[in-house]
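First the structure, in the form of structure tokens, and then the observations on it.
Since the structure is predicted, the reported quantities are computational estimates derived from the model, not experimental observations. Every chain is numbered from 1 and lettered A, B, ... according to where its sequence line falls, protein lines coming before strand lines.
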Number of protein chains: 2
Amino acid sequence: MDTTQRTDQQRSADRRRRELLEAADRVVLRDGPGASMNAIAAEAGITKPILYRHFGDKGGLYAALAKRHTDALLDSLRAALDAPADRRERVEATLDTYLSAIEARPQVYRFLMHPAEGAPSEQGFDVGKHSAPLLRRMGEELAQVIEERLDLGPGSQQLARVWGHGIVGMMHAAGDWWLGERPCSREELVRSLADLLWGRLAAAGDKVGSPGF
Amino acid sequence: MDTTQRTDQQRSADRRRRELLEAADRVVLRDGPGASMNAIAAEAGITKPILYRHFGDKGGLYAALAKRHTDALLDSLRAALDAPADRRERVEATLDTYLSAIEARPQVYRFLMHPAEGAPSEQGFDVGKHSAPLLRRMGEELAQVIEERLDLGPGSQQLARVWGHGIVGMMHAAGDWWLGERPCSREELVRSLADLLWGRLAAAGDKVGSPGF
DNA sequence: CGTGCGTGTTACTTCCGGTAACACCGAGTC
DNA sequence: GACTCGGTGTTACCGGAAGTAACACGCACG
């Protein structure tokens, strides 16, 4: 009964919400994740309480903001992951997609990786609950693809999840470091990481002059 | 000329500093990284300005605190990394050392991974500068060991650094996820990760019913 | 005796997240 | 046309945290 009536208000509320999110986006991209609610409200041309009415609290706003970017990135990754190519190519394409994304918009990336924090009266403090939702989602997503596509024998589901989170973490940490120091080209980085996943660590020989026990 | 005079004051100042750090440690371990300077001062039986005289600002205190734990963890890891065993065993021992550490003291671990944040007037916002100093140090350390021990052919130094940071990231992300969900035993996790590094991802067969492109 | 100097305190400023209370405005109703 | 009502907006405040004076005690050294 209210579905038809709702549309009008709902649509306008949704549009407002999107405008607010875009303003918040601009501010966060400019000032970093420490951007204040006042600043965001000012950018949107309004005042704080409105933000709170729309998003509850700062965490809510940041979560909404993060969801937008996270969804976008995950879509790109899914595309690379599902491409009709052989495994190595798909892995490299996925790595490259992720690295391209963080290279193109490092501020977004920084924000996504360290969203929450700072809330006073932080209760239970369950380890691992927040951290980085994006990493978790990427890990789960990758785990699913691995489990669907690869024959890993018994315990495959568990193994796939470990690998999913592990590979995502590898990608993330290497990307973070690379972005800070730019020690090599993106292509080289992708190749090096793929080599690592392809077992080159195990296959490498000992160094000749290595400390001989 | 002042070296002899200094010893006395210096020693007492150092002892005081250590006491303060220990108090801070207790509070942070109890209340999480959001612990206030007031709370830390109270735990130490003093008041805020003293903390500021010793550590400059909250970041300084947290950095000092982080350094203690980071150094300790890195020592353990170095021991595992340098053990006289074959490569696979060393890798497993290192993974296990890290995972044991975060399992034994999750609060410390949480603190180390998300130390800073929250400072207003955060200038330049260089991506990747802060993030997690511990991860960076671990990555560099591992890179060094890899480069020392393995024969990786041309470009070995670059490759070692990529791998160092990548492997550390893998360990971290998998550990973080594991700590939150506890989906398997530590031994299984270690084995799964070592398998990943040993190329099982590349070696696995396609699943029979997999979507055939 | 007094003059530094290290150690400590109280009391303050500033800023931020979050909230309460009030003000305006357009639509539907009698 | 007056009246209410929901949505949008505001100002003004609270509580708490970081960080900073400014002042006070104690102790060695001339």
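- Every residue was checked against the side chain to side chain donor-acceptor pair (under 3.5 Å) condition with Arg191(A), not counting sequence neighbours, and none meets it.
- In summary, the aromatic rings of Phe55(B) and Tyr62(B) are positioned with their centroids too far apart to meet the 6.0 Å limit.
- Rounded to whole Å, atom P of dG18(C) lies 10 Å from atom CG of Leu61(A).
- For DNA chain D, the neighbouring residues in residues 53-60 of chain B, judged by any heavy atom under 4.0 Å, are Asp57(B), Lys58(B).
- In this structure, Asp176(A) pairs ionically with Arg136(B), as a charged nitrogen and a carboxylate oxygen lie closer than 4.0 Å.
- Residues passing the salt bridge (charged side-chain N to carboxylate O under 4.0 Å, His left out) test with Lys48(A), sequence neighbours excluded: none.
- The phosphate of dG9(D) (OP1 or OP2) has a side-chain N or O of Arg16(A) nearer than 4.0 angstrom.
- Taking 4.0 Å as the cut-off between side-chain N and carboxylate O, Glu92(A) and Arg88(A) count as a salt-bridged pair.
- One can place CG of Asn38(A) at 16 Å from P of dT14(C), the figure rounded to the nearest angstrom.
- For the helix from dC1(C)-dG30(D) to dC30(C)-dG1(D), the terminal axes (five pairs an end, C1' atoms, rotation from four pairs onto the next four) enclose an angle of 30°, given to 10 degrees.
- Distances shorter than 4.0 Å separate some side-chain N or O of Thr47(A) from OP1 or OP2 on dT10(D).
- Per the geometry, NZ belonging to Lys48(A) stands 19 Å off P belonging to dC22(C), to the nearest Å.
- Per the geometry, OH belonging to Tyr52(B) stands 19 Å off P belonging to dT7(C), to the nearest Å.
- Rounded to whole angstrom, the span from the CG atom of Leu20(B) across to the C1' atom of dG8(C) amounts to 12 Å.
- Rounded to whole Å, the distance from CZ on Arg15(A) to C1' on dT8(D) is 14 Å.
- Distance alone, capped at 3.5 Å, is enough to place a donor-acceptor pair between the Arg200(A) side chain and the Leu152(B) backbone.
- Contacts of Glu181(A) classified as salt bridge (charged side-chain N to carboxylate O under 4.0 Å, His left out), with partners at least two apart in sequence or in another chain: Arg161(B).
- With rounding to the nearest 0.5 angstrom, the CZ atom of Arg110(B) is 11.5 Å from the CD1 atom of Ile102(B).
- The side chain to side chain donor-acceptor pair (under 3.5 Å) check on Glu103(A) picks up Arg182(A), Arg186(A), with sequence neighbours excluded.
- Remark: P of dT7(C) and CG of Leu51(B) are 13 Å apart, rounded to the nearest angstrom.
- Nearest-nucleotide mapping onto DNA chain C: of Ile46(B) and Ser36(A), the residue sitting toward the 5' end is Ile46(B).
- Distance from the side chain of Pro49(A) is smallest to dT19(C) among dG8(C), dA17(D), dT19(C).
- In this structure, Ile40(B) atom CD1 and dG19(D) atom P are separated by 11 Å, rounded to whole Å.
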